[in-house]
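Starting from 1, each residue takes its place in the sequence as its number. A quick note: this is a predicted structure, and the numbers were derived from the prediction, not measured.
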Amino acid sequence: MAETPRRQEGLQRVQIGLTGLAGVVLLVGLANIVIDKARVDDAAMPPPAVPTLELNAVAPKEPLAELGVQPAPEQAPIVPDLQPDPNLKKPMDQDLQPTEP
């Protein structure tokens with residue numbers, strides 16, 4: 001008779017484990033159904049309407065400048081400090097030879 005409570009406890013643990021496993025399987029199956037339904041709905045939707053440009057319309061040359069993210073090239077001032085040094089065209093690993101007057 002001492003084994004009967006242990007056996008009942010073991011059966012209860014197996015039942016709880018199987019119930020948890022069945023719950024996980026049901027949740028995964030439900031998630032799979034929802035994802036498949038979302039894919040079907042996305043495929044059934046028509047593509048978004050794209051506004052057409054007139055035949056004479058010109059594509060923007062500087063889209064970032066039109067959005068105001070970057071200044072337009074004709075508006076950008078040239079900073080003299082940022083101009084490349086003309087001496088950079090010479091090899092930098094050799095010493096400059098002095099010129100004689």
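Between the CD atom in Q8 and the CD atom in Q15 there is a gap of 10.5 Å [rounded to 0.5 Å]. Residue R6 holds its CZ atom at 13.0 Å from CG of L11, rounded to the nearest 0.5 Å. Taking CG of N32 as the reference point, atom CD1 of I35 lies at 6.5 Å (rounded to 0.5 Å).
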